[in-house]
Amino acid sequence: MAIEAEDMSSNSIKILAGNSHPELAAIISKRLGIPLSKVGVYQYSNKETSVTIGESIRDEDVYIIQTGTGEQEINDFLMELLIMVHACRTASVRRITAVIPNFPYARQDKKDKSRAPITAKLIANLLETAGCDHVITMDLHASQIQGFFHIPVDNLYAEPSVLNYIETKTDLANAILVSPDAGGAKRVASLADKLDLNFALIHKERQKANEVSRMVLVGDVTGKSCLLIDDMADTCGTLVKATNTLLDHGAKEVIAIVSHGIFSGAARERLQNSKLSRIVCTNTVPVDLDLDILDQIDISPTLAEAIRRLHNGESVSYLFTHAPS
Amino acid sequence: MGSNNIVVFGGGSHPQLVNMICENLGVKPAHVELGKFSNGETSISVHESVREKDVYVIQSGCGHVNDNFMELLILLSACKTASASRVTAVMPYFCYSRQPDIPYTAKGAPLVSKQKENVSFQSSSNGGQAFTLMTHKPGEETLLKANDSGLRQFNNVGSSTNLIKSTSFSRIPMIPGGKEQGSSKTDAGELFNAQNSGYKLWVAQAGTLIANLLTTSGADHVITMDLHDPQFQGFFDIPVDNLYCKPIAQSYIQHHIPNYKEAVIVSPDAGGAKRATSIADSLKLSFALIHKERRSQLLKGPPSTTLTSGNTLPVTAPLITPFSSREMSSSTSTSKYVQTTMLVGDVKNKVCILVDDLVDTSYTITRAAKLLKDQGATKVYALVTHGIFSGDALIKIQQSAIDKLIVSNSVPQKETVEFLGKHRVDVLDVSRVLAEAIRRIHNGESISMLFEHGW
């Protein structure tokens with residue numbers, strides 16, 4: 001779908017970008033044919049965040065692109081987003097949409113032990129308090145998080161883009177899809193249906209967060225090239241263990257495909273020393289791993305198209321099954 | 001409400017103060033694990049029951065402000081969702097309470113962008129342009145006063161030279177442009193081309209937002225101290241108790257400053273005049289005021305002839321110190337932007353006590369101290385409630401004319417004491433007044449006596 005810049009009444013849409021992922025914001029803005037609005041997001045020397053809006057946004061439809069990333073800066077980026085939303089609210093914009101490709105704190109979405117904070121819910125409340133009217137995000141860790149909001153949330157899927165990638169860049173003949181945990185089974189099953197492939201499941205017995213203990217493989221992977229599918233790769237402990245488990249069970253090769261490549265902590269070393277033949281992630285978060293086995297899927301077309309459709313009041317559901325090219 | 005109903009949590013920003021407050025209250029800080037997941041997200045786990053308890057969460061707005069603030073919000077909401085009967089946020093220093101309303105700080109506070117390396121790349125053309133944008137009035141001509149020794153002096157301070165120079169030169173922030181340095185340069189230029197459209201740049205004021213975020217996360221009550229703007233209380237829909245450091249400061253003056261009756265209380269800027277006069281009044285001391293004036297076209301002759309009258313002694317200084325005057329005059333549009341600092345009141349041969357609520361970059365207070373010494377003050381004390389001391393503030397203070405710095409422990413001051421030496425810094429303890437406020441609020445007693453008498 002080619003998008004013509006003149007199709008859009010460019011005087012009624014503004015795209016603002018935070019500091020978290022300037023590259024993604026730049027591609028989205030280029031794709032939409034709308035330059036990024038002039039905003040300055042800075043940090044004072046006392047580490048407080050300061051936002052300067054460099055042009056009039058009165059009565060505009062504003063989209064703010066900010067993703068959850070950064071081992072040191074994730075809270076800074078979050079505050080940036082909140083302050084930008086609030087700044088737009090006080091500047092009398094018509095509608096504020098936060099575009100958050102990777103929703104921060106998405107994994108802290110339940111009270112899994114006494115007095116545990118449901119931070120994802122808190123973030124939802126904070127965004128609403130700041131003045132958000134709409135949220136666009138991608139591959140939420142649990143889609144129930146949409147229910148934490150009182151405002152509309154469009155949870156886009158990377159699946160169509162991933163599907164394209166698998167069809168064009170991997171050998172389907174001998175492939176099998178694998179979910180590294182029970183929670184991802186649904187995601188993998190849906191992909192397997194669309195690709196008409198078999199799928200296997202790894203059941204992990206988790207003892208502590210970010211730590212994986214024993215893995216049990218359900219299904220036969222002997223001689224197959226395994227596509228390990230997950231929604232995010234963080235410390236990569238699960239991925240590496242799953243890879244080893246698969247290879248131990250006779251898999252020919254293992255390719256990991258994840259939506260959010262966070263790659264924190266020891267992820268780099270783990271991937272470097274792993275037997276993965278490829279690790280594929282999308283560009284919802286900036287990735288600065290310089291590994292040969294890394295490959296990226298560009299999901300900016302989906303986000304850009306979602307922004308365009310939302311602005312024009314068109315249905316977004318087409319994007320749940322199709323990746324705009 | 002029995003006293004066993006109180007639970008005090010400490011955030012990660014100031015554990016020492018938490019311990020002192022708890023000691024004063026005779027309770028133990030509740031067990032909470034603070035940390036981060038490997039992806040940087042804040043993780044907390046509360047190891048003590050808070051059901052139907054009166055919960056106090058102590059977190060100061062210092063250090064890595066946004067991390068600490070998020071930690072506070074998550075703690076508050078965790079306690080709230082764990083059925084605490086009341087959750088009170090205790091913020092000795094309230095972050096985001098002071099935000100300049102122009103894209104640069106009026107005090108010349110350096111705006112440090114996220115990427116450190118960007119600090120130095122600001123080209124002189126951007127700076128010049130920006131400079132023009134804020135002050136340009138048609139038909140003005142450049143009048144540069146390069147005779148300021150104060151700024152020059154600071155610019156030669158040891159290792160910090162580069163930082164100060166670059167940041168003070170172009171006060172306009174640039175776009176921290178991620179990984180593409182080249183593009184961010186042009187962006188910064190573009191951003192401030194806004195002058196053509198007649199659009200005035202403005203900085204988002206986070207005040208209401210912070211208040212609303214606290215309320216949203218479940219705070220039922222806020223205790224803070226010496227808010228920069230007392231109006232800030234009105235941003236909240238929940239009760240806010242703004243305690244004062246004044247009684248503690250007063251008793252310090254009375255007990256630790258020799259011949260304090262001869263001393264002069266000085267406010268380093270007009271905004272703090274009220275705060276300073278109230279101390280001066282209660283101690284029956286005389287009062288002086290330093291007034292900063294940024295005027296761009298009124299100065300026709302040498303300032304000393306036009307502005308001096310009585311005790312009013314002007315000191316003129318360009319607000320920014322250019323790398324060189326050649327660079328400045330090469331900026332295309334011309335404007336004169338001269339800052340006048342004058343002292344109202346007599347400080348000759350007197351001991352001066354500079355009173356301010358907040359010292360961040362220490363630009364104002366060090367310049368004020370210099371002015372006082374220039375005007376014949378024998379000794380300069382600086383009495384500050386919240387000592388944030390960001391950037392190179394401590395170096396500036398070390399080099400400054402301040403003889404003694406008195407600062408409260410609303411934010412950690414260990415580093416300050418270590419840097420400046422024990423003889424030059426006195427730390428006022430605010431833990432007792434905070435503890436007493438917590439005790440009184442918990443017991444439903446009035447806290448208004450704390451405003452006057454301290455604890």
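Residue numbering restarts at 1 for every chain, and letters A, B, ... go by the order of the sequence lines.
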Hydrogens and angles aside, do [X] and [Y] bring a side-chain donor and acceptor to less than 3.5 Å of each other?
X	Y	result
N75(A)	Y105(A)	yes
D360(B)	S390(B)	yes
H228(B)	S97(B)	no
S13(B)	N68(B)	no
T49(A)	N66(B)	yes
N283(A)	E23(A)	no

To the nearest 0.5 Å, tell me how far [X] [atom1] sits from [Y] [atom2].
X	Y	atom1	atom2	result
L239(A)	F263(A)	CG	CZ	7.5 Å
S50(A)	I83(A)	OG	CD1	8.0 Å
I15(A)	E60(A)	CD1	CD	11.5 Å
I397(B)	T361(B)	CD1	OG1	9.5 Å
D231(A)	S259(A)	CG	OG	6.0 Å

Side chain, backbone, both or neither: which part of [X] has a non-hydrogen atom closer than 4.5 Å to chain A?
X	result
E48(B)	backbone
F69(B)	side chain
K80(B)	neither
I388(B)	side chain
S77(B)	side chain
L76(B)	neither
S49(B)	both
S45(B)	side chain

Which one, [options], leads in non-hydrogen pairs under 4.5 Å with chain A?
options	value
I210(B), V50(B), I44(B)	I44(B)
V46(B), T216(B), L209(B), V65(B)	L209(B)
L75(B), N212(B), T42(B)	T42(B)
E71(B), H64(B), H47(B)	H64(B)

Counting heavy-atom pairs under 4.5 Å with chain B, which one of [options] comes out on top?
options	value
S264(A), A266(A), G265(A)	S264(A)
I262(A), L82(A), V85(A), I123(A)	L82(A)
K121(A), H86(A), K47(A)	H86(A)
G131(A), P117(A), A267(A), A17(A)	P117(A)

Is [X] in contact with chain B via its backbone, its side chain, both, or neither, using a 4.5 Å heavy-atom distance?
X	answer
L122(A)	side chain
L126(A)	both
L36(A)	neither
Q108(A)	side chain
S20(A)	neither
K113(A)	side chain
I118(A)	neither
S56(A)	both

> When the ring planes of F94(B) and F236(B) are compared, do they come out parallel, tilted or perpendicular, using 30° and 60° as the limits?
Replying inline: perpendicular
>> Give me the atom names and distance for the closest heavy-atom approach of T137(A) to P101(A).
In response: OG1-O, 3.8 Å
>> Check R94(A) with D133(A), please: is the shortest side-chain N to carboxylate O separation under 4.0 Å?
In response: no
